[in-house]
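Notes to accompany the following structure.
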Amino acid sequence: MRTWLKSLLVSLTFAGLAQAAELRPPAQATAGSPFSIASSGTGDGTFYLIGPAQISKRKVNLGGEISVQGHEVEQAGTYTAIVCADQCTSVHFYVRPAQASRLSLLVHPSRVRVAASNAISAVAFVFDRFHNLVLTPQKVDFKVVPPEGAAISQSKTTANGTAWIRLTSARKGGPAKVRASIGDLAEMRVVQQVASDACNLRIKAVPGPKGIAVETEPVRDCSGNFVPDGTVVSFTKTDASGKTTVDAPIKRGVARVEMAVSGPARISVASGVVNGNELSLGGAR
Amino acid sequence: MMKRVLPIVLAVATVVFIWIAWVQSGGIERHRMFSARSPEEAVRLLLTAAKSRNWDAAYSRLANAGEVEKAAFARDLGGSNGSLRTYATLENFNVWGLHADNQEATVRAKLHYSTAVGPLDDVRDIKVRNDGSGTWKVVWPTSKVPKLAPQVIPVNYLRWDVINRGAEDDWGVQNVDSPQVRIVSMNALQRPDRVVILGEVVNEDTVPAYVNVNAALLAPDGSPVAQETSFDKISHTLLPKQVSPYRIDFPGMKLQQIKSVRMDAKAMLVPATADPVIAVTQQRMETDALGKKVLRGELLNQSGQIVNIPHVVASYYDANGKVIWVSDGYLDQELLPQIPVGFAVDLPDDVAGKVQTYHVVVNYYQKNNS
């Protein structure tokens, strides 16, 4: 009986000594902000903090507060705190993103044809100063400033850190400024609204030094915007000498070529997949 | 006595050794060949000298050397101004007579050049004249290269430069989008030794595009059987709204082996210039000296800069406006400003009969701006 009792006491003593220290993290931790983790137990121990992007380790005195520096918790996410004395104990806690301090605005495309329905998308991402996506809903104000006319504003609340809008391009070409803001934070992008395909492409011929000069009327799209300079206009002349083609870029709104003509000739014009009128020279015009 | 004999013996021996060396190095053959005894031999000798770029020797074969400048003759055969012929090597040639009498003959020479862009053939009908002593010499064409009068040609076409997002820029900073290009037509043909995919691609954007068209032949189970790109059978740099033909060859493939074709046009935004404008004039279908169907025409460089290596890509359409063939060819001659240069690209005889119309685009490579 005495032997049995002795064995029980020894076991309880060792069990008491081997009881691990406990950790109590704060209910809410914020990225980049220092905080403390309460610990139980006595003596020295080793503290490990394992986060989404970093690990730290140091000696601590058990039974007191273990302070965690702000730079150790810059990434939001789930962290694991471990303290080891005779045994190791661990605890998980979540570090939430800090206050919104950065806005990323993705606007696509950088060029868009005029009057293109829902062709522009603007997506705002809200980050804190440590590049953590801020997941709590934030109100983002979008504002679109067309080259002419009144600005359009729209507010959207972020979901999972993002807010987005779709826009139809204006009928008038030119740069449209797309702005997103949260309080003082603001980002702006520019979308070039460019002319669409040529519309009513027409040519005329006038006598020139090398034969005839054929030029287009000012080339515009169906909304009346000038087709940008550099756009290629293909002239094709067919006469007795064969066929002649010249790919001439538009310069100051018109494309122009000079062609030698022998006898009756037909001249046609095209730009991309758009055909223009046809001229007959040396006969009925 | 011995004193006088020894120098004589040494002198004779030296002469004998020199003669043997001359014979060994082909001297007799050269001497015999120097005076060409037939029109074909005269052309062959000239071309042999040209092959080794020995312009002096080649020039000495001319019957009309007084009328042809040596520099112009060397330019004609060896190229100039960074043209393709300056980078070409005359690999071999075939010579055959077309017509001959006692005084004059016409010899056809087919010259095979090897170049960085593949083999290049040049067919010339060369006049040969008998100088009266039985030696034939070549009458080189005296056509003078037209020269443009000194002048200033104002060029104010657009140029597009591109500034992309920097590596150090933050995520989300706007970049410039790639150009929008579209394949507007595609046609798959079975040729005797290959499957050919051809069609046209257009740059629909307002900025220049560097375009490459890829095609994958798919088996009935959807797996790719073969994959190729248009390589140089396309005009890669397309200005806004410019259309280019493309052709992709699959040697050894049969249409029966494939179920479908997956097409993909890749475009990159590149700096480009709208200059030079090259007109394609006097296009017509003809049969060339070798009996092949060709599309001939002239290129006219309307700018003030030399275009070193012009490249012609032609698409041919049937009566329904469908692209039925695409052929291309490099010109071995540079395009000088405002001076027309002829070109010819061939096409298969069976296709030529169906051709109703055609479209030619000119691609070019410049030393300073490719």
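Letters A, B, ... are given to chains in the order of the sequence lines, protein chains preceding strands, and every chain is numbered from 1.
By the salt bridge (charged side-chain N to carboxylate O under 4.0 Å, His left out) test, A/Asp221 is found to be paired with no residue, residues two or more places apart in sequence or in another chain being considered. For the salt bridge (charged side-chain N to carboxylate O under 4.0 Å, His left out) test, residues two or more places apart in sequence or in another chain that qualify with A/Glu187 are A/Arg189.
The contact between A/Pro228 and chain B is made entirely by side chain atoms (from C-beta outward), counting heavy-atom distances below 4.5 Å. Neither the backbone nor the side chain of B/Arg159 comes within contact range of chain A, judged by heavy atoms closer than 4.5 Å. Residue contact with chain A, scored on non-hydrogen atoms closer than 4.5 Å, is absent for B/Glu200. For B/Ser244, no part sits under 4.5 Å from any heavy atom of chain A, backbone or side chain.
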Using side-chain hydrogen bond (donor to acceptor under 3.5 Å, both in side chains), reason through B/Asp332 and B/Ser83 one step at a time and then give a plain yes or no. CA-CA 6 Å; B/Asp332 60 354; B/Ser83 68; over 6 Å; no
Given side chain to side chain contact (heavy atoms under 4.5 Å, CB included), test B/Met263 with B/Val261 step by step and report yes or no. CA-CA 6 Å; B/Met263 301 295 296; B/Val261 181; 3.7 Å; yes
Show, in sequence, the C-alpha distance, side-chain angles and deciding distance for B/Val280 and B/Val312, and conclude whether the side chain to side chain contact (heavy atoms under 4.5 Å, CB included) test is met. CA-CA 9 Å; B/Val280 189; B/Val312 172; over 6 Å; no
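In this structure, A/Ser121 and A/Trp164 have side chains that are not in contact, with every pair of non-hydrogen atoms separated by 4.5 Å or more.
The number of heavy-atom neighbours closer than 6.0 Å to CD of A/Gln99, taken from other residues, nucleotides and ligands shown, is 12 or below. No more than 12 heavy atoms of other residues, nucleotides or ligands lie within 6.0 Å of CG in A/Asn160, so this atom counts as exposed by the packing criterion. Around atom CZ of A/Arg266, no more than 12 heavy atoms belonging to other residues, nucleotides or ligands sit under 6.0 Å away. Atom CD of B/Gln338 sits in a crowded spot, with more than 12 heavy atoms from other residues, nucleotides or ligands closer than 6.0 Å.
Listed options A/Val190, A/Leu103, A/Ile250, A/Val273 were ranked by heavy-atom pairs under 4.5 angstrom with chain B; first place goes to A/Val190. If you tally non-hydrogen atom pairs under 4.5 Å between each of A/Lys251, A/His108, A/Arg111 and chain B, the highest count goes to A/Arg111. Heavy-atom pairs under 4.5 Å with chain A were tallied for B/Val184, B/Thr206, B/Ile278, B/Val277; the largest tally goes to B/Thr206. Listed options B/Thr281, B/Asp177, B/Val176, B/Leu158 were ranked by heavy-atom pairs under 4.5 angstrom with chain A; first place goes to B/Asp177. The residue among B/Asp205, B/Leu239, B/Val202 with the most heavy atom pairs within less than 4.5 Å of chain A is B/Asp205.
Under the 3.5 Å distance criterion, with hydrogens and angles disregarded, a donor-acceptor pair is assigned to the side chains of B/Thr287 and B/Lys293. In this structure, a donor-acceptor pair under 3.5 Å is absent between the side chains of B/Asn301 and B/Tyr364.
Scanning all heavy atoms of the two residues, the minimum distance from A/Asp128 to A/Ala31 falls at OD2-CB, 4.0 Å.
A salt bridge is absent between A/Asp141 and A/Arg179: the closest approach of a Lys/Arg side-chain nitrogen to an acidic carboxylate oxygen does not fall below 4.0 angstrom.
For a heavy-atom cut-off of 4.5 Å, chain B lies close to A/Thr231, A/Val232, A/Ser241, A/Gly242, A/Lys243, A/Thr244 in residues 231-244 of chain A. When the heavy atoms of residues 341-363 of chain B are compared with those of chain A, the residues falling under 4.5 Å are B/Thr357, B/Tyr358, B/His359, B/Val360, B/Val361, listed by number.
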